[in-house]
Amino acid sequence: MTTPPAPLNDEQISTALAALPGWKLDGNEITRTFAHTYHECVHLAVYVAAKAREISHHPDILITWQRVEFRITTHDAGRTLTELDFDLARHIDRIAAAAGATPVTDT
């Protein structure tokens with residue numbers, strides 16, 4: 001069994017969020033929503049799921065009509081934020097940009 005990653009403190013979280021425009025803190029999660037056609041949102045979720053499997057860190061994904069929301073926390077560190085969450089957010093941003101998804105700013 002591996003040791004869970006260390007939780008970040010408030011200052012570390014603020015610094016990490018400042019480096020990820022568009023991501024928002026919601027309790028103990030960071031979140032971001034993207035818009036695209038429904039089918040492209042499903043594809044985006046699959047692309048992110050493949051990357052999540054590769055790096056062994058998984059977001060919660062909510063797909064609705066022409067929107068896909070990603071919610072990230074480190075479950076095995078007691079649902080706290082760790083560096084793994086911000087690494088995954090950077091991957092999601094790159095995948096979404098490559099897929100032509102538009103960040104939603106009104107959520």
Side-chain angles (χ1 to χ4, degrees):
M1 181 175 227
T2 61
T3 304
L8 299 177
N9 63 36
D10 290 344
E11 182 179 335
Q12 292 168 314
I13 291 168
S14 293
T15 300
L17 269 178
L20 284 170
W23 286 87
K24 296 179 183 177
L25 183 62
D26 184 9
N28 57 355
E29 300 175 317
I30 55 173
T31 70
R32 191 162 193 199
T33 301
F34 296 91
H36 212 316
T37 66
Y38 177 79
H39 289 96
E40 289 302 320
C41 285
V42 172
H43 290 155
L44 178 55
V46 171
Y47 300 145
V48 168
K51 177 52 90 173
R53 183 177 187 187
E54 177 185 317
I55 65 173
S56 193
H57 193 61
H58 305 85
D60 292 328
I61 303 172
L62 174 64
I63 302 169
T64 59
W65 182 249
Q66 299 186 340
R67 299 280 190 272
V68 59
E69 178 186 9
F70 298 97
R71 302 185 74 78
I72 310 172
T73 190
T74 302
H75 295 93
D76 61 352
R79 292 188 48 82
T80 61
L81 290 169
T82 69
E83 188 55 43
L84 294 174
D85 303 310
F86 294 94
D87 288 341
L88 179 56
R90 285 186 284 278
H91 285 296
I92 291 171
D93 283 347
R94 284 191 292 274
I95 294 166
T102 304
V104 175
T105 58
D106 63 345
T107 59

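Not measured: the values here are computed from a predicted model.
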Tell me whether S56 contacts the main-chain N or O of R53 through its side chain, where contact means a donor paired with an acceptor under 3.5 Å. no

Between Q12 and N9 (side chain of the first, backbone of the second, donor and acceptor by atom type, cut-off under 3.5 Å), is there such a pair? yes

Heavy-atom closest pair (C41 atom, A35 atom, distance to 0.1 Å) is SG-C, 4.5 Å

Minimal heavy-atom distance between A18 and P21, with the atoms involved, is O-CD, 4.3 Å

Roughly how far, to the nearest 0.5 Å, is [atom2] of [Y] from [atom1] of [X]?
| X | Y | atom1 | atom2 | value |
| --- | --- | --- | --- | --- |
| E69 | D60 | CD | CG | 9.5 Å |
| T80 | H75 | OG1 | NE2 | 10.5 Å |
| I63 | H43 | CD1 | NE2 | 10.0 Å |
| L81 | I13 | CG | CD1 | 4.5 Å |

Does the plane of the ring in F34 sit parallel, tilted or perpendicular to the ring in F70? Use 30° and 60° as the thresholds.
perpendicular

The side-chain hydrogen bond (donor to acceptor under 3.5 Å, both in side chains) partners of E29 (sequence neighbours excluded) come to R71, R79

Note to self: Is there a path of hydrophobic side-chain contacts, each under 4.5 Å between heavy atoms of I/L/V/M/F/W/Y residues, joining V46 to I61?
What the structure shows: no

May I ask you to test the [X]-[Y] pair for a side-chain heavy-atom distance under 4.5 Å?
| X | Y | answer |
| --- | --- | --- |
| V68 | L62 | no |
| T31 | I72 | no |
| L17 | T15 | no |
| L44 | H36 | no |

Could you go through residues 83-95 and list every donor-acceptor pair under 3.5 Å that involves a side-chain atom there, pairing it with any protein atom two or more places apart or in another chain?
unit_1: E83; atom_1: OE2; unit_2: R90; atom_2: NH2; d: 3.0
unit_1: D85; atom_1: OD1; unit_2: H57; atom_2: NE2; d: 2.7
unit_1: D85; atom_1: OD1; unit_2: T74; atom_2: N; d: 3.3
unit_1: D85; atom_1: OD1; unit_2: T74; atom_2: OG1; d: 3.0
unit_1: D85; atom_1: OD2; unit_2: T74; atom_2: OG1; d: 2.8
unit_1: D85; atom_1: OD2; unit_2: T82; atom_2: N; d: 2.7
unit_1: D87; atom_1: OD1; unit_2: R90; atom_2: NH2; d: 2.3
unit_1: H91; atom_1: ND1; unit_2: R94; atom_2: NH2; d: 3.1
unit_1: D93; atom_1: OD1; unit_2: W23; atom_2: NE1; d: 3.0
unit_1: D93; atom_1: OD1; unit_2: R32; atom_2: NH1; d: 2.7
unit_1: D93; atom_1: OD2; unit_2: W23; atom_2: NE1; d: 3.1
unit_1: D93; atom_1: OD2; unit_2: R32; atom_2: NH1; d: 3.4

